[in-house]
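First up is the structure itself, then whatever we jot down about it.
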Amino acid sequence: MLLRHTSAEPVERTGLMINPAKTCQPIGAMYAALGLHGCLPHSHGSQGCCAYHRSALTRHYREPVMAATSSFTEGASVFGGQANLLQAIDNIFTVYEPDVIAVHTTCLSETIGDDLNQIAIKAKDEGKVPEGKYVIHASTPSYVGSHVTGFANMVQGMVKAFSESTGKRNETLNIIPGYVEPSDMEEIKRMASLMGLKTIVFPDTSNVLNAPQTGKFRMYPKGGVTVAEMKATGDSKATIALGPLASDLAARKLDTLCKVPCHTQELPIGLQATDRFVDTLRKVGGVSVPESIAVERGKLLDVMTDMQAWFYQKRVALFGDPDSLVSLVEFLVALDMHPVHVVTGTPGKAFEQKIRELTAHLPVPVNVKAHGDLFLLHQWIKKEPVDLLMGNTYGKYMARDEDLPFVRFGFPIFDRVGHSYFPTVGYMGGIRLMEKMLDALLDRKDRDSPEESFELVI
Amino acid sequence: MSDEKNTAAKLEKIKAEILAKYPTKVARKRAKQILVNRNDSTGKVPEVGANMRTVPGIITQRGCSYAGCKGVVLGPTRDIVNITHGPVGCAYYSWLTRRNQTRPESDTAENFMNYCFTTDMQDEHIVFGGEKKLKQAIQEAFDLFHPKAISVFSTCPVGLIGDDVHAVAREMKEKLGINVFAFSCEGYKGVSQSAGHHIANNGIFTHVVGLDDTIGKGKFRINLLGEYNIGGDSFEIERILDACGISLVSTYSGNSSIDHFANSHTADLNAIMCHRSINYMAEMMESKFGIPWIKVNFIGAESTAKSLRKIAQYFEDEELKAKVEEVIAAEMPAVKASLEKAKPRCEGKRAMLFVGGSRAHHYQDLFGELGMETLAAGYEFGHRDDYEGRRVLPSIKVDADSRNIEELHITPDPKRYAPRKDEESLKKLESEGLAFREYDGLMPDMKENTLVIDDISHFETEKLIEMFKPDIFCAGIKEKYAIQKSGIPMKQLHSYDSGGPYAGFKGAINFYEEIERMVNAKIWSYITPPWAAEPELSANYAWVA
C-alpha cells in the first residue's frame with residue numbers, strides 16, 4: 001500500500017498537517033501575474049520559493065513559467081531585502097525587458113517586514129523603472145490563507161496599480177475569472193462574446209500557459225490582459241467576479257477606487273452556477289441570451305438526462321479549492337450524486353457552511369472540512385467508502401490504495417494533460433466534467449461486471 | 001555555425017556578446033562564471049567562479065538550502081517521519097516531486113515516502129512562536145505512526161522568529177524515547193541547495209551514524225554515497241553490486257532506511273557518486289572511523305565497469321576481481337547491441353548539460369558513448385572543486401555565505417576508529433592508480449574550447465540555444481519548456497522526465513534508447529505548416545505536378 005500508515009479512525013490533530021490540500025500564497029500570486037501581458041512575476045524571498053513555484057506551475061501546465069527572485073541570503077534576511085529588490089528591478093528591466101514586474105512577498109520577507117510599496121517608490125525615484133514600465137506588488141504571506149488567497153491578493157494588486165477612472169463610463173464588462181485554468185478563462189471570454197458583450201477578462205492566462213509550439217520561445221507570450229486594458233477597467237460598466245475567494249477582493253477594490261459596481265458569484269461550474277453566470281451577463285450587460293448559448297445549455301441538460309442512471313446516488317469524495325468545490329458540489333447534487341466527503345485545505349468556516357447548505361437535503365450524512373488535509377479525507381473514505389474520488393494528482397495515491405475510480409480536477413495536475421485545453425466551466429465544461437466522471441465510473445463497471453453481464457451497449 | 005569549429009576566439013566573442021547585455025557589475029561577476037575551457041596535457045584548467053551568490057533578478061536554476069537538505073539528501077529515506085516546520089508551501093513542493101523510488105523490506109514495513117508532514121504555521125505562530133505547535137506535531141506523529149525516528153526541517157521564518165528546533169527535538173527525543181533530530185536548513189542559508197546538503201550531512205552524521213555497531217554479512221562491504229535513486233538508479237546499482245558479491249551497507253540516500261545510516265560506519269569503503277552533495281560525509285567518516293573513500297561513477301556502461309574494477313582493486317581480492325570481470329563480460333553484450341543500434345543515429349550530434357553538482361559531468365560519459373559531443377556544461381550548485389578538482393581545495397577562499405554553514409571538527413572515535421588500510425597499502429594502491437580522497441572535477445574531462453558556465457541564467461540559456469542550436473539540451477523542469485518551445489529537445493537530468501534508470505548497464509541501455517528517440521524525433525519537422533512553407537496564394541494542383 002502506498003499510504004500504508006493511514007488508519008481508518010480519525011483523531012483530532014492540532015499540530016500536524018498530513019498530506020495538505022492547499023499550498024502557499026505566493027504560487028497563486030505568480031499564477032495571477034502570468035495573466036498580465038508582458039509581465040515578469042518576481043518572488044521577494046529566498047531562491048527556493050521561486051524555484052518551487054516555477055517547478056510546480058511548469059509541471060501542471062507543461063509550459064515555460066518565467067519568474068525572477070530576490071535571492072535572499074542570510075544578510076538580506078537580517079538587514080532587510082530592500083537592496084536585493086532594488087538590484088533585481090534594475091537587472092530585470094535591463095536583461096529581461098518586461099513591461100511590468102509583479103512582485104509578491106514570501107513568508108521570509110513578510111516576517112522581516114519589508115515594505116514593498118516603499119521599495120517600489122524608491123526604485124522609481126532612483127530611475128530603475130524605465131519610462132512606461134511598471135513595478136506592481138502584492139503582500140502574500142505564506143502563513144495566511146492558501147494559494148487562492150495569493151491569487152486574490154495579486155489580482156487586487158493589479159487593480160490597485162492600474163485601474164483608473166476617466167470619468168467616462170463605457171459598456172465594457174470586467175470579468176475576474178477566478179483561480180481557474182487558461183482553458184476556462186478562454187471559455188468565459190467565448191461565452192461573453194456569444195452574448196455580444198465587450199469584456200476585459202483579468203487576469204487571463206490563456207495563450208500564456210497554453211501557448212502553441214511555434215519553434216520560437218517567447219519570454220512574454222501573446223496572451224494576457226494588457227496594461228492598457230487593465231487601466232480601462234476603471235471605466236467599465238460593472239465587474240463580474242467569479243469565485244468569491246479568488247476574485248471578490250479585486251472586484252471590491254475596483255468598486256472602491258473607481259466606483260465600478262461588482263457582482264460576485266460562484267465559479268460557473270455545472271448547470272446552475274453557469275445559469276447564474278449567464279443570467280448575470282444578461283442583466284448586467286443589458287442583452288438577451290442568444291440561441292447559441294441556449295443550445296449549449298440544452299446539450300448539457302441532454303447528457304444529464306441520458307446518463308442520469310449512472311450518476312444516481314453515487315458516493316463521491318472531493319478535495320480542492322473552496323470556490324471550485326462549492327460549484328462542483330452543487331453540480332453533483334444536481335446530478336443526484338452524493339458528495340459525502342468534502343475537504344479543502346484553505347482555512348475559512350464559510351466554506352463548511354456553504355457545503356452544508358448545498359447538501360442539507362441529501363439522505364446521507366456529509367463530512368466537510370475547511371483547513372483539512374488528505375490524511376483526514378482518506379480516513380473518512382476508509383470508514384465510509386465512496387464510488388468516486390475527485391481532486392488533484394495527489395489523490396491518485398488514495399485512489400490506488402482504495403481501488404477507487406478517480407477524476408483529476410483542480411490544481412495541481414502533474415500526470416495528465418487536458419486541463420489547459422478543455423474547460424470545466426460553462427455548459428460545455430459541464431459536459432466535459434460528466435464525460436470524465438462517466439469514463440471513470442463506466443470503466444470501473446466494465447472492469448468489474450461479471451462476463452455474462454458485460455455489455456456492449458451502455 | 002554548427003559546422004564550424006569552435007575556436008577559443010569565437011567562444012570568447014560569444015561570451016563577450018552575452019556579457020554585453022548585463023549591467024556592468026553583473027557582467028563582471030558573470031565573467032568569472034563563464035569560461036572557455038582550456039585543458040593542457042598537465043590537466044591544468046582555468047579558475048572558475050562557483051558557489052557564489054546569484055545576482056537578484058537574474059533568473060537562476062537554483063533552489064534553496066531547505067531543498068538541498070530535506071528534498072535531496074533526506075528525501076529518499078523511507079522510514080523517518082520528516083516534518084517540515086513552517087508554512088505549508090515548502091513541505092508541499094517537496095512532496096513526491098523528485099521521483100525518489102524506494103523498496104520497503106516488506107508490505108508492512110515502514111514507508112513514509114508518500115506522505116507529507118508539516119506544521120502548517122499560521123500567522124499566530126509567526127507572531128508568538130511555533131515551538132509549541134512543533135512539539136504538538138511531533139507528539140501527534142508519534143501517536144499516529146510510532147516511527148523509529150522523526151526529523152524536523154526549518155523553513156525561512158523559523159530561523160527569523162527564533163524557534164529553537166534543536167531544543168524541541170532534544171526534549172521530544174527524551175520524552176518519546178525515539179530518535180528525534182532537527183535541521184536548521186532555512187532557505188536563506190548559503191547560496192544554493194549546496195548549503196542544505198552540507199547541513200544534512202552534518203545532521204545525519206551527528207545524530208544517526210554510528211548508532212548500530214552490528215557487523216553485517218559480506219566480505220566486501222561498502223557504502224554508496226551521493227546516489228538518490230531517482231527513476232530507480234539505485235536499484236540497478238544494487239543489482240550489479242549484488243551480482244559481483246559486493247555488499248551494500250548503506251546508500252546515502254537512495255532506497256535507504258535510517259537503520260542503514262546508523263550502521264554505515266561498519267563498511268570498509270565509501271564510494272562517492274555525487275561528490276558535491278555528500279563528500280562531507282565521506283570525509284567525516286574517514287576521520288572518525290577510518291573508512292577510506294574513492295570517487296566512482298555508475299553513469300555510463302564503461303564508467304560502471306571502471307567503477308566496479310576500482311572497488312575490486314581496493315579490496316585486493318583476486319576472486320572479487322574475477323567476479324567483477326565476469327559480471328562486466330555478462331552485461332556488456334546487451335549494452336553493445338543497444339549501442340550499435342543507437343550510435344549511428346546519434347553520432348556527431350551535440351549536447352549541452354546544465355544540471356546538478358555532478359550530473360553535468362557524469363552524463364558526458366553516456367553522451368560520449370553515443371559519439372555525441374558536449375559543447376557546453378556547468379553546474380547549478382557546484383563548487384570550484386567540482387569543476388577544477390579537489391586539488392584546488394586549499395586555495396578556495398571561504399566567504400561569508402559558506403562560513404555560516406557549520407563545519408564539524410571530527411576526531412577519531414576512541415572505540416570505533418579503525419583504519420581499514422594502513423598507510424603503506426593505501427600508498428601501494430595509489431601507486432597502482434587507485435586515487436583516494438580525489439575527484440578531478442568536470443573541466444579536466446571536457447575538451448578544449450568548450451564552454452563551462454556556472455549557475456547559468458535564463459538569458460544565457462536562450463543565447464546558447466540561439467547561437468549553437470544544440471541537438472539536445474539537458475537541465476531541469478523549470479528550463480524544459482522554454483527550451484522545447486525553441487525547437488530543441490530537452491532532457492531533464494534531475495528527474496529524468498518520467499524515464500530511468502540511467503545508471504549501470506541497464507540504465508545505459510535506457511539512456512541510449514531515450515536519446516536516440518529524442519534527437520531523431522519527427523516532431524520538430526512539423527513546426528512549419530505547409531501554408532507557411534509555400535505561402536503563395538494561387539494553388540498549384542498537386543495531382544498535376
Side-chain angles (χ1 to χ4, degrees), chain A residues 2-5 13-20 22-24 26-27 45-49 51-52 54-56 58-59 62-66 68-77 84-85 87-92 94-96 106-108 111-112 141-144 213-217 397, chain B residues 21-23 26 53-60 62-64 66-67 83 86-89 91-93 97 108 111-112 114-123 125-126 133 136-137 139-141 145 156-157 160-161 187-189 191 401 404 458-459 462 477-478 480-482 485-487 527:
Chain A
L2 295 161
L3 300 166
R4 58 181 64 176
H5 301 287
R13 282 174 282 129
T14 55
L16 189 65
M17 177 172 273
I18 311 170
N19 303 345
K22 61 158 181 179
T23 183
C24 65
I27 196 171
S46 297
Q47 272 159 202
C49 311
Y52 273 147
R54 290 182 65 203
S55 298
T58 304
R59 290 183 180 113
R62 299 173 198 264
E63 289 288 325
V65 174
M66 289 296 130
T69 162
S70 291
S71 294
F72 273 47
T73 56
E74 196 142 7
S77 307
N84 289 50
L85 185 51
Q87 195 186 4
I89 289 170
D90 195 17
N91 287 332
I92 289 168
T94 309
V95 181
Y96 297 111
T106 56
C107 42
L108 174 56
T111 305
I112 60 181
S142 319
Y143 42 79
V144 175
Q213 169 65 280
T214 59
K216 192 174 163 19
F217 166 69
Y397 291 79
Chain B
K21 180 77 175 169
Y22 289 126
V26 182
R53 287 181 189 180
T54 300
V55 186
I58 299 302
I59 298 174
T60 173
R62 284 177 170 175
C64 66
Y66 166 85
I83 301 177
V88 67
Y92 197 83
Y93 305 116
T97 45
T108 51
N111 180 12
F112 299 106
N114 300 320
Y115 290 86
C116 170
F117 305 97
T118 171
T119 53
D120 182 36
M121 287 171 94
Q122 301 295 299
D123 43 0
H125 308 118
I126 301 292
K133 172 109 167 127
Q136 179 65 20
Q139 184 67 52
E140 286 170 5
F145 308 113
C156 291
L160 289 180
I161 63 174
Y188 54 76
K189 296 236 167 110
V191 301
D401 296 310
N404 287 338
H458 170 74
F459 170 71
E462 255 195 88
I477 182 69
K478 301 189 297 299
K480 184 170 179 79
Y481 299 101
K485 279 278 201 278
S486 311
I527 286 174

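Quick caveat: nothing in here was measured; it's all calculated off a predicted structure.
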Report the option among A/Thr214, A/Leu108, A/Thr111, A/Ile89 that has the most heavy-atom pairs separated by less than 4.5 Å from atoms of chain B. A/Leu108
Does any backbone or side-chain atom of B/Ile59 lie under 4.5 Å from a heavy atom of chain A? Answer side chain, backbone, both or neither. both
Looking only at B/Gly487, B/Ala482, B/Ala141, B/Gly86, most heavy-atom pairs under 4.5 Å shared with chain A are made by B/Ala482
Chain B contacts, top residue of A/Ser71, A/Ala88, A/Ala76 (heavy-atom pairs, under 4.5 Å): A/Ala88
Looking at chain B, which one of A/Gln213, A/Gln87, A/Met66 has the largest number of heavy-atom pairs inside 4.5 Å, strictly under? A/Gln213
Most chain B-contacting option - heavy-atom pairs closer than 4.5 Å, from A/Pro26, A/Ala68, A/Ser77, A/Ser142: A/Ser77
A/Phe72: ring-ring contact (aromatic ring centres under 6.0 Å, His included) partners, not counting sequence neighbours: A/His44
Between atom NZ of B/Lys485 and atom CD of A/Glu63, what is the distance when rounded to the nearest 0.5 Å? 3.5 Å
By ring-ring contact (aromatic ring centres under 6.0 Å, His included), B/Tyr481 pairs with (sequence neighbours left out) none
So which of A/Ser55, A/Pro64, A/Gly45, A/Pro141 has the biggest tally of heavy-atom pairs under 4.5 Å with chain B? A/Pro64
Main-chain N/O of A/Thr14 paired with B/Lys133 side-chain donor or acceptor, under 3.5 Å: yes
Run the ring-centre check on B/His125 versus A/Tyr143 and record whether the distance is less than 6.0 Å. no
In the structure I gave you, are the side-chain heavy atoms of A/Ile18 and B/Phe145 within less than 4.5 Å of one another anywhere? yes
On a heavy-atom basis, the closest approach of A/Cys24 and B/Gly89 is SG-CA, 3.7 Å
Kindly indicate whether the side chain of B/Arg53, heavy atoms from C-beta on, has any atom under 4.5 Å from the side chain of A/Asn84. no
Of the backbone (N, CA, C, O) and the side chain (C-beta and beyond), which part of A/Tyr52 lies under 4.5 Å from a heavy atom of chain B, both, or neither? both
Going from CD on A/Gln47 to OG1 on B/Thr60, what distance comes out if it is rounded to the nearest 0.5 angstrom? 5.0 Å
Students often mix this up, so state it plainly: with edges at 30° and 60°, are the rings of B/His458 and A/Tyr96 parallel, tilted or perpendicular? tilted
Winner by heavy-atom pair count (cut-off under 4.5 Å) against chain A, out of B/Val191, B/Asn404, B/Asn114, B/Thr108: B/Asn114
Check whether any side-chain N or O of B/Tyr115 sits under 3.5 Å from a backbone N or O of A/Asn19 as a donor-acceptor pair, and report yes or no. no
Relative to chain A, which segment of B/Gln139 carries a heavy atom at a distance below 4.5 Å: side chain, backbone, both, or neither? neither
Taking atom CZ of A/Arg54 and atom CD1 of B/Ile477, what is their separation to the nearest 0.5 Å? 10.5 Å
What heavy-atom pair brings A/Pro20 and B/Thr118 nearest, and what distance separates the two atoms? CG-CG2, 4.1 Å
Side-chain contact, heavy-atom cut-off 4.5 Å: A/Lys22 with B/Asp120? yes
Would you check if the side chain of A/Asn91 reaches a backbone N or O of B/Pro23 as a donor-acceptor pair within less than 3.5 Å? no
Does A/Ser46 reach the side chain of B/Cys156, with side-chain heavy atoms less than 4.5 Å apart? yes
Max heavy-atom pairs within cutoff under 4.5 Å with chain A, candidates B/Asn111, B/Thr119, B/Ile161, goes to B/Asn111
With chain A as the partner, which of B/Tyr22, B/Tyr66, B/Phe112 has the greatest number of non-hydrogen pairs under 4.5 Å? B/Phe112
Do you know which of B/Asp401, B/Ile58, B/Ile83 has the most heavy-atom pairs with chain A at a distance under 4.5 angstrom? B/Ile58
Below 4.5 Å, heavy-atom pairs only: which of A/Thr73, A/Ile92, A/Leu2, A/Thr94 has the largest tally toward chain B? A/Thr73
Please answer whether the main-chain N or O of A/Arg13 pairs with a side-chain N or O of B/Glu140 as donor and acceptor at a distance below 3.5 Å. no
Among side-chain atoms of A/Thr23 and B/Tyr93, is any donor-acceptor pair under 3.5 angstrom? yes
